[in-house]
Protein chains: 2
Amino acid sequence: MSYAEQALAVLKARGYRITRPRRRVLELLQGAEGALSIQEIKELLDRAEEPVDMVSVYRIVDCLEDNALVHRVLSTGKIRRCDLENEAHCHREQHDHCHHNLICRECGSITELHCPGLDTLQDEVARQTGFHIEEHNLEFLGLCPRCAAREGDFRA
Amino acid sequence: MSYAEQALAVLKARGYRITRPRRRVLELLQGAEGALSIQEIKELLDRAEEPVDMVSVYRIVDCLEDNALVHRVLSTGKIRRCDLENEAHCHREQHDHCHHNLICRECGSITELHCPGLDTLQDEVARQTGFHIEEHNLEFLGLCPRCAAREGDFRA
DNA sequence: ATCATTGCAAACCGTTTGCAGCCTT
DNA sequence: AAGGCTGCAAACGGTTTGCAATGAT
């Protein structure tokens, strides 16, 4: 099942209505490599087909965020679809949704990490500082393998 | 040397002028437990002594940020003084200033971590994904030891 | 004396709110 | 048929810009 279908199913199950603007936003996010700003979402939708109101985009994104179907990228505030498929593999509770992202500064693509060695690190930090850690935000920025290879080409 | 003095010295060395508003913002940040929003900075300054214009606060904070004397907390956008004293201990380049914070949701205090086991984790992630990591953002949210103890009291 | 910096007013822009009409259920 | 959702207009609030006055060097 595709991301958009899965997300729509979640909304439906929770009593939301499946509207054309909601479907279109979800499909757009499904196709997007990285994350999109609210403005980018509006522009892309307007360009593709009949326009969607800016206010509606705000409300749709809010709704998707409330239902943990999208999240905001920490460093940019842009909107990204959640990785619904693999989220179950993550050993955290629902609400503590972890989004550890590898963000390519070149192509903007985002690779999601699903709780790597961070738990160990977190335990270690907690032990050393006595801090009671409830949540964490982690983001790596750099170059994805493809862009890193391309950048290598320039120098060659 | 105190934070404010140190920061002013940096500005002076770089050709900026040492003005009263700049000094006052730095002293305020020096005394603050956690991070302050632009609005909080303005209010606190107004309350303490003669008022400072909102616009000036914006410009002063921009200046301090440009010179790596303050940074914004990732999750809240609030302003925090950089830990100039201990920054040298961090094995990273100047521009890659790391701000790994432990933020107490109760009292708002912030404890800075200086590159703990993260480098190992980062290497591991890089190895597994092929991603060329240039920068990272890490933030832990929870309770500081003191607030955690107090919260324990309530339950007892 | 010079020129960076401040303060004030106004512009700007992203986001939110209210409400009527539409469309999903 | 009912009411959630959208679109439009207007309000709102945080941030930026222009410019004259001030103050640091």
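This is a predicted model, so every value here is computed, not measured.
- The nearest whole Å value for the distance from the CE atom in B:M54 to the P atom in C:dA11 is 20 Å.
- Counting heavy-atom neighbours within 6.0 Å of A:R146 CZ, excluding the residue itself, gives a total of 12 or less.
- If you take CG of A:D53 and P of C:dC19, they are 18 Å apart, rounded to a whole angstrom.
- Across the protein-nucleic acid pair, A:I60 atom CD1 and C:dT16 atom C1' stand 16 Å apart, rounded to whole Å.
- A salt bridge links A:E40 with A:K78: at least one charged nitrogen is closer than 4.0 Å to a carboxylate oxygen.
- Using a 4.0 Å cut-off, some side-chain N or O of A:Q39 falls inside it from OP1 or OP2 of C:dT15.
- A salt bridge does not link A:E27 to A:R24: none of the charged side-chain nitrogens sits closer than 4.0 Å to a carboxylate oxygen.
- Between the CZ atom of A:R59 and the P atom of C:dG18 there is a distance of 11 Å, rounded to whole Å.
- Taking a cutoff of 4.0 Å between a charged side-chain nitrogen and a carboxylate oxygen, A:D46 and A:K42 qualify as a salt bridge.
- Across the protein-nucleic acid pair, B:I41 atom CD1 and D:dG14 atom P stand 14 Å apart, rounded to whole Å.
- Salt bridge annotation for B:R80-B:E112: present, with a cationic side-chain nitrogen under 4.0 angstrom from a carboxylate oxygen.
- Separating the CZ atom of A:R23 from the C1' atom of C:dT24 is a distance of 12 Å, rounded to the nearest angstrom.
- The shortest distance between the side-chain N/O atoms of A:R22 and the OP1/OP2 oxygens of D:dC5 is below 4.0 Å.
- In this structure, A:E43 atom CD and C:dC13 atom P are separated by 14 Å, rounded to whole Å.
- Not counting sequence neighbours, the partners of B:E65 by the salt bridge (charged side-chain N to carboxylate O under 4.0 Å, His left out) test are B:R72.
- Regarding A:L11, its CG atom lies at a distance of 15 Å from the P atom of C:dT24, rounded to whole Å.
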Every protein N/O within reach of nucleotides 23-25 of chain D N/O, cut-off under 3.5 Å:
{"from": "D:dG23", "atom 1": "N2", "to": "B:R17", "atom 2": "NH1", "distance (Å)": "2.9"}
{"from": "D:dA24", "atom 1": "N3", "to": "B:R17", "atom 2": "NH1", "distance (Å)": "3.3"}
{"from": "D:dT25", "atom 1": "OP1", "to": "B:I18", "atom 2": "N", "distance (Å)": "3.3"}

